[in-house]
Amino acid sequence: QVQLVESGGGLVQAGGSLTLSCAASGSIFRIDTMGWYRQAPGKQRELVADISRSGRTNYVDSVKGRFTISRDNAKNTVHVQMNSLKPEDTAVYYCKLDLLRIDGARLDYWGQGTQVTVSS
């Protein structure tokens, strides 16, 4: 009933930039918090950044000043612009949406994940 499609991952050299996007479609009434998480090999999944419907943002300390999260409520999309990438940013990145479906169900939806690899 709800589909999420992520895009934008890839291989980049340290110091480079990437932008990840996540687009949601289907039986959506409203999307509240939208976020990006990442999971590196052997590590737990961690919150990278999230953004409320009103635009309030939150970042993990390690990406502050380098990553910028944004959203387009009309298009049900969320993006994260990642600058000054470091090898330690290498991970699979997932979007997560806290959304209210048309049928009244409130659920968290996860994207399929996109690999970001930063070479030194």
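Note that the structure is predicted; figures quoted are calculated from it, not measured. What you see below is based on every heavy atom in this structure, not just the backbone, and it leaves out hydrogens, waters and symmetry mates.
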- Item | By side-chain hydrogen bond (donor to acceptor under 3.5 Å, both in side chains) - contacts of Ser62 (at least two apart) | Arg38

- Task: Apply the test side-chain contact (heavy atoms from CB on, under 4.5 Å) to residues Met34 and Leu99: give CA-CA distance (whole Å), side-chain angles for both, the deciding distance (0.1 Å), then the verdict.
- Result: CA-CA 9 Å; Met34 307 176 89; Leu99 67 82; over 6 Å; no

- Tell me, please, which residues at least two apart from Ser54 pass side-chain hydrogen bond (donor to acceptor under 3.5 Å, both in side chains). Ser52

- Task: Apply the test side-chain contact (heavy atoms from CB on, under 4.5 Å) to residues Ile51 and Arg56: give CA-CA distance (whole Å), side-chain angles for both, the deciding distance (0.1 Å), then the verdict.
- Result: CA-CA 5 Å; Ile51 182 168; Arg56 186 179 68 250; over 6 Å; no

- Distance col, row Ser84:OG vs Arg66:CZ, nearest 0.5 angstrom, shows 7.0 Å

- Message: For Lys96, run the side-chain contact (heavy atoms from CB on, under 4.5 Å) check against Asp108, Leu4, Thr33 and tell me which one passes.
- Response: Asp108

- Hydrophobic cluster mates of Phe29, side-chain heavy atoms under 4.5 angstrom, ILVMFWY only, any path? Leu100, Ile102

- Query: Would Gln112 and Glu6 count as a side-chain contact (heavy atoms from CB on, under 4.5 Å) if you check the C-alpha gap in whole Å, the side-chain angles of each, and the deciding distance to 0.1 Å?
  - Reply: CA-CA 7 Å; Gln112 79 277 12; Glu6 295 182 23; 3.8 Å; yes

- Hydrophobic cluster (4.5 angstrom, side-chain heavy atoms) - remaining members for Tyr37: Leu47, Val92, Tyr94, Trp110

- What pairs meet the ring pair (Phe, Tyr, Trp, His ring centres under 6.0 Å) rule with one or both residues in residues 55-82, with sequence neighbours excluded? none

- Item | Euclidean distance, Asn76 CG relative to Ile31 CD1, rounded to 0.5 Å | 3.5 Å

Return a table of donor-acceptor pairs under 3.5 angstrom between the side chains of residues 113-120 and protein atoms on other chains or two or more places apart.
{"from": "Thr114", "atom 1": "OG1", "to": "Gly9", "atom 2": "N", "distance (Å)": "3.3"}
{"from": "Gln115", "atom 1": "NE2", "to": "Ala91", "atom 2": "O", "distance (Å)": "3.4"}
{"from": "Gln115", "atom 1": "NE2", "to": "Thr117", "atom 2": "OG1", "distance (Å)": "3.3"}

- Query: Does the side-chain contact (heavy atoms from CB on, under 4.5 Å) test come out yes or no for Arg30 and Arg106, once each step is laid out?
  - Reply: CA-CA 9 Å; Arg30 187 185 71 239; Arg106 186 178 195 89; 3.5 Å; yes

- Task: Sequence neighbours left out, what passes side-chain hydrogen bond (donor to acceptor under 3.5 Å, both in side chains) with Asp61? Give chain and number order.
- Result: Lys64

- Enumerate the residue pairs fulfilling disulfide bond (SG atoms under 2.5 Å apart) with a member in residues 31-71, sequence neighbours excluded, ordered by first and then second residue. none

- Item | Pair listing, disulfide bond (SG atoms under 2.5 Å apart) test, anchored in residues 14-120, at least two apart | Cys22-Cys95

- Message: For the OH atom of Tyr109 and the CG atom of Leu97, what is their distance to the nearest 0.5 Å?
- Response: 10.0 Å

- Residues that Asp50 engages under side-chain hydrogen bond (donor to acceptor under 3.5 Å, both in side chains), provided they are two or more places apart: none

- Query: Can you find a side-chain donor-acceptor pair between Arg71 and Asn73 that sits under 3.5 Å?
  - Reply: yes

- Task: Examine distances only and state if a side-chain atom of Arg101 and a backbone atom of Leu107 form a donor-acceptor pair shorter than 3.5 Å.
- Result: no

- Query: Of all heavy-atom pairs between Leu18 and Gly8, which one has the smallest distance, and what is that distance?
  - Reply: CD2-O, 3.9 Å

- Item | Summary of disulfide bond (SG atoms under 2.5 Å apart) pairs that have at least one residue in residues 55-84, sequence neighbours excluded | none

- Message: Does anything in residues 9-20 form a side-chain hydrogen bond (donor to acceptor under 3.5 Å, both in side chains)? List the pairs, not counting sequence neighbours.
- Response: Ser17-Asn83, Thr19-Gln81

